[in-house]
Amino acid sequence: MCGIVGTVGKENASAILLEGLRRLEYRGYDSAGLATIVDGKIERRRAEGKLDCLADLLIKQPLPGTIGIGHTRWATHGRPTEANAHPHATDLVAVVHNGIIENYRELREELESKGCVFTSETDTETIAHLISDFLRHGMTPQQATAAALKRLVGAFAIGVLFTGHSGLLIGARRGSPLALGYGKGEMYLGSDALALAPQTNKIAYLEEGDWAELYADKIVIHDETDKVVSRKIITTTLSEAATGKGQYRHYMLKEIFEQPTVIGDTLESLALPSGLAVPTLPFNWKAVPRVTIIACGTASYAGLVAKYWFEQLAKLPAEIDIASEFRYREAPMPLGGVTIVVSQSGETADTLAALRYAKAQGQKILSVVNVPQSSIARASDAVVPTLAGPEIGVASTKAYTTQLTVLLCLALDAARARGTLTNDRINEILRALREVPAQINAILRDEHRIQELAQKIRKAHDVLYLGRGLLYPIAMEGALKLKEVSYIHAEGYPAGEMKHGPIALVDKELPVVFLAPSDALFEKTASNIQEVIARGGKVILFSDKEGIEQTGAKTFMNIALPKADPTVTPLLYVVPLQLLAYYTALAKGTDVDQPRNLAKSVTVE
């Protein structure tokens, strides 16, 4: 969601902050702003819209200073206007904030009764006035910040500047991530390491409840009791090659085309030529009574595929829950159970809260994340990382397929431990999985067919996606991708449920996408295809050559995909659906990498 950057040192702060904010654009935002200290006083520049609007403003009204904070805002409290844009300030402090202050109304009433005048609709402005109130009572900036933090209820990561203190920047976190960057004569803070990549590769992550004083030559970290503590400094490997678009027009397309490489990298980390090499886990699969999988959005569809894998391959009962619902369901959890938490960023607020619930229920926590230093990873008993590299496009692509790769290897590991598959069958599935990168390359080389299809459906108002078994979650993921980037309404359904409602939508204008490899369920799906054709629907069939020939139906369009072991078909069939969403969005002229209203990392409830 909102992105935060801060710097204190000797260089021009505005240029550093603007570059950092550009690297946080992927998180989603609708306004942006900067604040620096100039001649001991706070100066701000804020603008609605994209960062180019703020950059244009800075050309007209330059913002000097060597200390500053910046922010990209995804609106929660208050409309996306300049008045609601961060940083928020009083005459004494300026604040940027990611998160939600749940008790801001009570605090605002209290502060207004003391004469504080608010100029925005946001919860964040409360933080600025609260710290200022403590400063007016004679506290130092450090004391005032520590006192204010104890009054705040909710989730936050903040950065604070102080009038008259041109060498001090304070950051704090509770519930939302905040990274610190160590430079030479310059220190930084940011929502993630990616924002700081151009400046430094030396990063420390604040723990829950921490706050930090940043000076040009040092950082002093305090825990939630205000005690000075140390946090591990790590060296990141983020590079311009990994975070740039390269030859591609959009990050989303680049990340789709990176999938053969990152799936291969992820698989190599979990399997040797001789067989599985999943790291030792802090539990015995044989003794696990049930697996609970928790995730949000695209990651939840990876979890639904994994449910099929765990139950079919390992004969291990598995539940998949959307984190935002699970955390309030008060679900009973079995003794000795394992909870698998799936998240690209490792910072998803609802998923993190669900993790804490499961942990309190005595579950072992295994996280599948793309950021090994994330909050979810640090709170887990074990981590199996996806090696997707930085994913910048808001619509997840390569993170999803690497999640599937990890989850399939975990299901195979469970099957081996529980004796439900022979070694020969496990190795057969691994061979099929090793062929997936080459098969995806073949799909990508045939992308012109998907471009042709995108032109045919770009004017559709609705699209229905149908699949059975392992392809049912892929139908939902395909529909989600189309919704996210093209803004066409789409729904994914199990094909067997079509006659229980969705068939009422079928007419000559409705594109109906069928995902139907020639597997054991093919004949069932072929009947559904005939039912749609009989009612005039535009059937778009994704299948292998054998399946297309067997159908023998007059479809609107067929897309031939490689024949594969049914177990790995989810990894293959999702790729053309990603391309379809991308090229449909391109045809409609939408903002592919930063779709309206969406955020990459959802760090508030």
Side-chain angles (χ1 to χ4, degrees), residues 1 3 20 22-29 72 74 177 179 190-197 203 236-267 269 295-303 341-348 351 367-377 383-407 437 440 444 477-478 480-481 484-485 571 574-575 577-579 581-582 585 591-595 598-603:
M1 314 279 283
R22 288 202 183 280
R23 288 175 172 267
L24 291 173
E25 283 189 290
Y26 75 97
R27 296 172 72 94
Y29 70 104
T72 49
W74 189 85
S191 293
D192 59 35
L194 186 62
L196 310 180
I203 302 292
T236 69
T237 56
L238 292 172
S239 67
E240 186 61 38
T243 59
K245 282 187 281 193
Q247 64 181 347
Y248 296 94
R249 184 172 175 182
H250 295 97
Y251 282 110
M252 183 178 178
L253 187 62
K254 172 178 179 273
E255 289 158 6
I256 289 172
F257 273 79
E258 286 175 338
Q259 288 176 112
T261 298
V262 297
I263 289 170
D265 291 344
T266 301
L267 181 57
S269 72
C296 293
T298 286
S300 73
Y301 298 144
V341 177
V342 188
S343 170
Q344 187 282 134
S345 67
E347 302 292 350
T348 311
T351 308
S367 64
V368 177
V369 293
N370 198 38
V371 184
Q373 300 84 26
S374 61
S375 298
I376 285 174
V383 179
V384 183
T386 56
L387 303 183
E391 188 177 68
I392 310 300
V394 167
S396 183
T397 53
K398 64 177 181 173
Y400 180 69
T401 49
T402 53
Q403 286 165 357
L404 290 177
T405 303
V406 169
L407 290 165
I440 291 177
L444 295 173
E477 170 60 10
L480 177 62
K481 281 292 156 286
E484 285 179 318
V485 298
L571 287 108
V574 75
V575 174
L577 303 186
Q578 295 168 348
L579 285 171
Y582 173 79
D591 192 339
V592 175
D593 284 334
Q594 298 168 38
L598 292 179
K600 180 67 174 175
S601 180
V602 183
T603 55

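Here the structure is a predicted model, which is why all the values come from computation and not from measurement.
A donor and an acceptor atom, one from each side chain of Lys481 and Thr397, are nowhere located under 3.5 Å apart. A donor-acceptor contact under 3.5 angstrom links the side chains of Ser343 and Thr348, judged on distance only. No side-chain donor from either of Ser374 and Glu347 sits under 3.5 Å from a side-chain acceptor of the other. Side-chain polar atoms of Gln259 and Thr401 form a donor-acceptor pair below 3.5 angstrom.
Pairing each heavy atom of Ile440 with each of Pro260, the nearest pair is CG2-CG, 3.7 Å.
Aromatic ring pairs are classed by plane angle as parallel below 30°, tilted from 30° to 60° and perpendicular above 60°; the pair Phe257 and Tyr248 is tilted.
Note that the CZ atom of Arg23 and the CD1 atom of Ile392 stand 8.0 Å from one another [nearest 0.5 Å]. Taking CD from Gln344 and OG1 from Thr351, the interatomic distance works out to 11.5 Å, rounded to the nearest 0.5 Å. Atoms OH and OG1, from Tyr400 and Thr298 in turn, are 7.5 Å apart once rounded to the nearest 0.5 Å. Interatomic distance, OG1 of Thr402 versus CG of Leu387, reported as 7.5 Å (0.5 Å rounding).
Looking at Thr405, its side chain never comes within 3.5 Å of a backbone N or O of Ile263 through a donor-acceptor pair. Between the side chain of Asp593 and the backbone N or O of His250, no donor-acceptor pair lies under 3.5 Å.
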Walk me through whether Leu577 and Glu477 qualify under side-chain contact (heavy atoms from CB on, under 4.5 Å).
CA-CA 8 Å; Leu577 303 186; Glu477 170 60 10; over 6 Å; no
Could you please spell out the steps behind the side-chain contact (heavy atoms from CB on, under 4.5 Å) verdict for Leu253 and Glu255?
CA-CA 5 Å; Leu253 187 62; Glu255 289 158 6; over 6 Å; no
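At least one side-chain heavy atom of Val368 sits under 4.5 Å from a side-chain heavy atom of Thr386. The closest side-chain heavy-atom distance from Pro437 to Leu267 is not below 4.5 Å. Two residues are said to be in side-chain contact when any heavy atoms from C-beta on lie closer than 4.5 Å; Asn370 and Pro385 fail this criterion. In this structure the side chain of Thr266 reaches within 4.5 angstrom of the side chain of Val406, judged on heavy atoms. Counting heavy atoms from C-beta outward, Leu579 and Leu444 have side chains that approach closer than 4.5 Å.
By the ring-ring contact (aromatic ring centres under 6.0 Å, His included) test, Tyr301 is found to be paired with no residue, residues two or more places apart in sequence or in another chain being considered.
Look at Lys398 and Glu258 and you find a salt bridge, because one of the NZ, NE, NH1 or NH2 atoms lies within 4.0 Å of a carboxylate O, short of that distance.
In summary, of the residues considered (Glu391, Gln578, Glu484), a side-chain hydrogen bond (donor to acceptor under 3.5 Å, both in side chains) with Ser396 occurs for Glu391 alone.
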